[in-house]
2 protein chains.
Amino acid sequence: MQLTLTGEYAIRAMIYIVSVDENAICTISEISSFNKIPENFLRKIIPQLANAGLIKSQRGSGGGIKLGKSSYQITPLEIIIAVEGEMALNKCLIDKKFCSNERWCTVHTLWCDAQKNLKLILSSKSIAQLAKESKERKNMLNH
Amino acid sequence: MQLTLTGEYAIRAMIYIVSVDENAICTISEISSFNKIPENFLRKIIPQLANAGLIKSQRGSGGGIKLGKSSYQITPLEIIIAVEGEMALNKCLIDKKFCSNERWCTVHTLWCDAQKNLKLILSSKSIAQLAKESKERKNMLNH
DNA sequence: GTAAATATGACAAATTTTGTCATATTTACT
DNA sequence: AGTAAATATGACAAAATTTGTCATATTTAC
């Protein structure tokens, strides 16, 4: 019951893109070296973020990556779902065939509640907010 | 980000024990066959529940397993932690060395909130309540 | 002493996660 | 047209985790 490295990398990458400059184009090499993400691995993750519309990629010379929509409209939850697929704390939340009882397993509604809440929290802040808070924290430490 | 089969089996086993008879002794074979859990696998899980004090096991002829404390004092969260270890939605919640920034990674507090909430919900009902609700649902279906 | 139960540790299979690499494609520029 | 610079994609491989099996040990009642 844990975020994968894939998800972790995706979030780091997205926050990096926001932090550098909302509208700038950056390259995958740049993102991976700055954030210590294995480049070839990141190259598998980036297209998934693009498919979800979170970033836009541009091939060719001078190409690279930029945000696909406003950083105020992107949440950690979206990023996680984009690279890990729809969240399911318990298998039976995806497909009832995994449920042990006839209509629901005993803890089904509990998992439902838990998941709904988790999604709520993970979408309660935009990456714009998160990047801003992070920058403020760093400034505090330097003083 | 999902409950493992180990956790799923542990919860099923615990609820079975409660459902049958709060004070009865039952055997691992009985639990596994009734709940369709691979017996040898369940035999690895049971001692973990015993170590956590959720059940008490008795070796020897006539031995078996019974609850370690009142079913009203046992929550799904405890069961999960007993067999899967302390919950950590993100690695950096266990050890700061996994945190990407100096003091916190950007999403650290968000993960903290999310985890606190998840634990709250998964410990909001006792397995006594869950077993009771399950029984009621089954009765409804039979009428 | 024997039968019936759990405990434990070594092993193995299956699955998922993490990573690599070669090749293809697109684009700007000269 | 050709070249350099960028992403895209699919096949493969390594590593880690999960899931499962089995043989052996231990405990207990009778």
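Just so it is clear: chains get the letters A, B, ... in the order the sequence lines come, proteins before strands, and each one is counted from 1.
One atom, CZ of Phe41(A), and another, C1' of dC21(C), lie 15 Å apart when rounded to the nearest Å. For the pair Arg43(B) CZ and dC22(D) C1', the computed distance is 12 Å after rounding to whole Å. Ile55(B) has its CD1 atom 12 Å from the C1' atom of dA7(C), to the nearest Å. Note: CD (Gln58(A)) to P (dA5(D)) measures 17 Å, nearest angstrom. The distance from atom CD1 of Ile17(A) to atom C1' of dT7(D) is 13 Å, rounded to the nearest whole Å. Rounded to whole Å, the distance from CG on Leu42(B) to P on dT21(D) is 12 Å. Taking atom CG of Asn40(A) as the reference point, atom C1' of dT9(D) lies 12 Å away to the nearest angstrom. Look at CD1 on Ile45(A): it is 9 Å from P on dT18(C), rounded to the nearest Å.
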Secondary structure of DNA chain D in dot-bracket form (Watson-Crick or G-U wobble, distances below 3.5 Å, | marking inter-strand pairs): ||||||||||||||||||||||||||||||
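At a threshold of 4.0 angstrom between heavy atoms, the contacts of Ser29(B) with the nucleic acid are absent.
The residue among Ser57(A) and Lys44(B) whose nearest nucleotide of DNA chain D is located toward the 5' end is Ser57(A). Mapping Glu39(B) and Pro38(A) onto DNA chain C by nearest heavy atom places Glu39(B) closer to the 5' end of the strand. With the nearest nucleotide of DNA chain C identified for both Gly7(A) and Arg59(A), Gly7(A) has the one nearer the 5' end.
In this structure, of dA8(D), dT19(D), dA6(D), it is dA8(D) that holds the atom nearest to the side chain of Pro47(A). Side-chain atoms of Ser61(B) lie closest to dA3(C) of the nucleotides dA8(D), dG20(D), dA3(C).
Residue Tyr9(B) has no polar side-chain atom (N or O) positioned under 4.0 Å from OP1 or OP2 of dT19(D).
With sequence neighbours left out, Tyr72(B) forms a ring-ring contact (aromatic ring centres under 6.0 Å, His included) with no residue at all. With sequence neighbours excluded, the residues that form a ring-ring contact (aromatic ring centres under 6.0 Å, His included) with Phe34(B) are Tyr16(B).
Other residues, nucleotides and ligands contribute only 12 or fewer heavy atoms inside 6.0 Å of the NZ atom of Lys66(B).
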Verdict with reasoning, Lys69(B) to Glu78(B), per salt bridge (charged side-chain N to carboxylate O under 4.0 Å, His left out): CA-CA 12 Å; Lys69(B) 53 182 177 178; Glu78(B) 281 180 284; 2.9 Å; yes
Worked check of salt bridge (charged side-chain N to carboxylate O under 4.0 Å, His left out) between Glu133(B) and Lys125(B): CA-CA 11 Å; Glu133(B) 287 173 15; Lys125(B) 282 189 178 173; 3.1 Å; yes
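Using a 3.5 Å distance cut-off with no hydrogens or angles, the side chains of Glu39(A) and Ser33(A) do not pair a donor with an acceptor.
In this structure, Gln115(B) contributes its side chain and Leu89(B) its backbone to a donor-acceptor pair below 3.5 Å.
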